[in-house]
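Beneath this line is the structure, given in C-alpha cells, with notes to follow.
For ligands, and for the atoms within them, numbers begin at 1 and follow the listed sequence. No hydrogens, no waters, no symmetry mates; every other heavy atom, side chains included, goes into these values. Treat the numbers as computed from the prediction; the structure is a model and nothing was measured.
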Amino acid sequence: MEVLTGIKTIRAKSSKLKEIDFNHIGFGKHISDHMLVTDFHAGDPMAIGWNDPMIVPFGNLSISPATLALHYGQTVFEGMKAFRMADGRINIFRLEKHFERFNRSLHRMCMAEVSFEIFEEGMKQLISLDKDWVPGVEQGALYIRPFSFASEARLGVSPSADYRFIIFTGPVGQLFAKPIKVKIETGYIRAAKGGTGFAKCGGNYAATMYPTKLAQEAGYDNVIWTDAREHKFIEESGVMNLMFVIKGKLVTPPASDTILEGVTRDSLLTIAKDIGVEVEERPVSVEEILNAFENKTITEAFGVGTAAVVAPIATIGIEGNNYQLPIYNDQNIMFRLKRKLDAIRSGVADDVYGWNTIIE
Ligand SMILES: Cc1ncc(COP(=O)(O)O)c(C=O)c1O
C-alpha cells in the first residue's frame, strides 16, 4: 500500500491568518492558506489513476468552459471538522466515516474513487501545515471540505475520464445563534427512492435551493423534507438529519437511500444508547408529530449535522399552522448528547469509540 510521506508542498508567500478575528469567525467566511490537489486521468495509459498529490497555496483554478462538471454535475463533496483539543493537539473527527461516505457518493455518481492514503495523509499534512488556522475558541473548529469534480473538457453526457480531487479548510464558529423555525414541506421533494439522496453530490443541494428560498420568504429558516411518494414521512432538513424526543424516547427516521446518512447522527445515536437514552430509528410520520404536539408528548426537536452539531428547533410549521416546542434547558437530551460529543472531540473524555485522528 502506498504511503504518502512528505507530500510536495509549495508554501504561500504570505499568510491571511492575521486578518482573522477568532472571536468573530462566523461560518464559511474564511479559507486557510493552502489546499491539497491531485488529478485522476483514465485516458493516459502512462498515468492511470491519481497523480501524486501536492499542497499549494489556496487559489483560483483555471478550467475549460467545456469542463464536464459544469454541465452535467458530476461533483461530490464532504464536510468534516478538525478540533483544537484541550491539550492543544489537533483532532480530525471521524475521518474514516467521512472517507467511506465520500467514496459511496463518488461511486453513485460514476466518478473515480479516492484512496484512503491520499484522503487521510493529504488531509493530515494539509492541516499540519495550516495548524494555526484551527480555532482554540469554544464552539470553534476547522471546517474541512474535500471534493471532487469531473475535469475532462468535452461535450457529451457520459462519465468523465478525468477528475480533480481537492481539500481546502477554513475556521468556523457556531452556525445558528438561536433555535430555528422549520416548515414541513409537502409540495417539493429532495430525494426519491432509487435516486441520489444518500450521496453528497452537488445536484442534491442545487435542487433544494428554490423550495428553501420560498420557505425563507415565508419566515422559516429551512424546510423539513418528506418522502417523495406521499409526503407522509419525515426525512431530513437542509444540511441536517432530524431527531425528536417523544414520550422521553429519542426518535429519528432510519437511514435510507433518500437521506444523507449523517456522521453526527451516528455519533449522537451511539452516545445516546451508551448513556441509557432509549433510541428508536424508525419512520416518523407527520401525523405522529402533529399528535405529539396535541398530546404535549414531544419535548424536543433538533437538527444534527457537522456544521451546526445540534440545532434546537423552536417552531415547526405543519400545513399552515405553527407549533411551538417547549423552552429548552441544559438538561435536554440534545444538550447532554452534545456535551458528551464535545468532551470526546476535545480529549476531555476518553475516545472509547476510536473516533479521533490526532495530529501529533
Ligand atoms: C443533506 C444533509 N443531511 C444531513 C447532513 C448531516 O450529515 P453530517 O452529520 O455527516 O454532517 C448533511 C451535512 O453534511 C447534509 O448535507
Side-chain angles (χ1 to χ4, degrees), residues 27-28 75-83 92-106 108-109 119 123 139 141-147 167 169-170 172 174-176 180 182 185 188-192 195-212 215 221-228 233-244 250 252-272 281 284 301-313 334 337-338 340-342 344-345 353 355 357:
F27 199 98
T75 159
V76 157
F77 65 100
E78 263 306 316
M80 39 197 295
K81 278 178 173 172
F83 298 87
I92 305 175
F93 189 64
R94 302 211 70 178
L95 186 146
E96 283 96 354
K97 192 98 181 144
H98 284 282
F99 167 74
E100 284 162 18
R101 187 172 69 187
F102 188 55
N103 272 346
R104 270 204 306 282
S105 303
L106 291 172
R108 177 63 179 83
M109 301 310 287
F119 193 90
M123 192 175 291
Q139 300 309 317
L142 188 75
Y143 188 83
I144 310 167
R145 169 52 54 84
F147 71 106
I167 309 177
T169 71
V172 294
Q174 212 171 13
L175 182 62
F176 299 117
I180 57 172
V182 287
E185 177 62 58
Y188 296 96
I189 62 157
R190 173 185 177 275
T196 59
F198 68 91
K200 210 162 162 60
C201 57
N204 282 350
Y205 296 83
T208 62
M209 288 184 193
Y210 181 67
T212 306
D221 293 294
N222 216 315
V223 301
I224 290 182
W225 299 107
T226 49
D227 71 279
F233 293 96
I234 304 283
E235 301 242 280
E236 59 179 325
S237 174
V239 293
M240 297 185 293
N241 295 114
L242 289 169
M243 295 188 179
F244 305 92
L250 185 63
T252 191
S256 77
D257 63 350
T258 59
I259 291 180
L260 190 86
E261 200 175 331
V263 176
T264 316
R265 173 186 182 280
D266 181 79
S267 306
L268 296 178
L269 290 179
T270 304
I271 292 171
E281 286 180 69
V284 182
F302 52 104
V304 303
T306 296
V309 190
V310 162
I313 295 174
M334 66 177 121
L337 299 178
K338 181 175 183 300
K340 185 78 205 233
L341 185 69
D342 286 344
I344 294 172
R345 301 203 278 209
Y353 313 108
W355 288 342
T357 295

Q: Give the C-alpha distance, both sets of side-chain angles, the deciding distance and a yes or no for side chain to side chain contact (heavy atoms under 4.5 Å, CB included) between L337 and L269.
A: CA-CA 9 Å; L337 299 178; L269 290 179; over 6 Å; no
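Per-residue contacts place G305 under 4.0 angstrom from the following atoms of ligand 1 (heavy atoms of the residue considered): 6 (C), 9 (O), 11 (O). Set against the non-hydrogen atoms of Y205, the atoms of ligand 1 under 4.0 Å away are 1 (C), 2 (C), 15 (C), 16 (O). Against a heavy-atom cut-off of under 4.0 Å, G262 is close to the following atoms of ligand 1: 7 (O), 8 (P), 9 (O), 10 (O). Near K200, the atoms of ligand 1 lying under 4.0 angstrom from a non-hydrogen atom of the residue are 13 (C), 14 (O), 15 (C), 16 (O).
Listed here is the closest heavy atom pair of L95 and T357: CB-OG1, 3.8 Å.
Only the side chain of R190 comes within 4.0 Å of ligand 1, judged by heavy-atom distances. With a 4.0 Å cut-off on non-hydrogen atoms, M240 touches ligand 1 through its backbone and not its side chain.
A salt bridge links R190 to E236: one of the charged nitrogens lies within less than 4.0 Å of a carboxylate oxygen. E261 and K200 are not joined by a salt bridge, as no carboxylate oxygen comes within less than 4.0 angstrom of a charged side-chain nitrogen.
In terms of N/O distances under 3.5 Å, ligand 1 is approached by V263.
Heavy-atom separations between G238 and ligand 1 include at least one value shorter than 4.0 Å. Ligand 1 has R101 within reach: a non-hydrogen atom of the residue lies less than 4.0 Å from it. Residue contact check for ligand 1: E261 places no non-hydrogen atom closer than 4.0 Å to it.
Using a 4.5 Å heavy-atom threshold, the side chains of M80 and V263 count as separate. In this structure the side chain of N103 never reaches within 4.5 angstrom of the side chain of H98, judged on heavy atoms.
Within 6.0 Å of CD in E78 there are more than 12 heavy atoms belonging to other residues, nucleotides or ligands.
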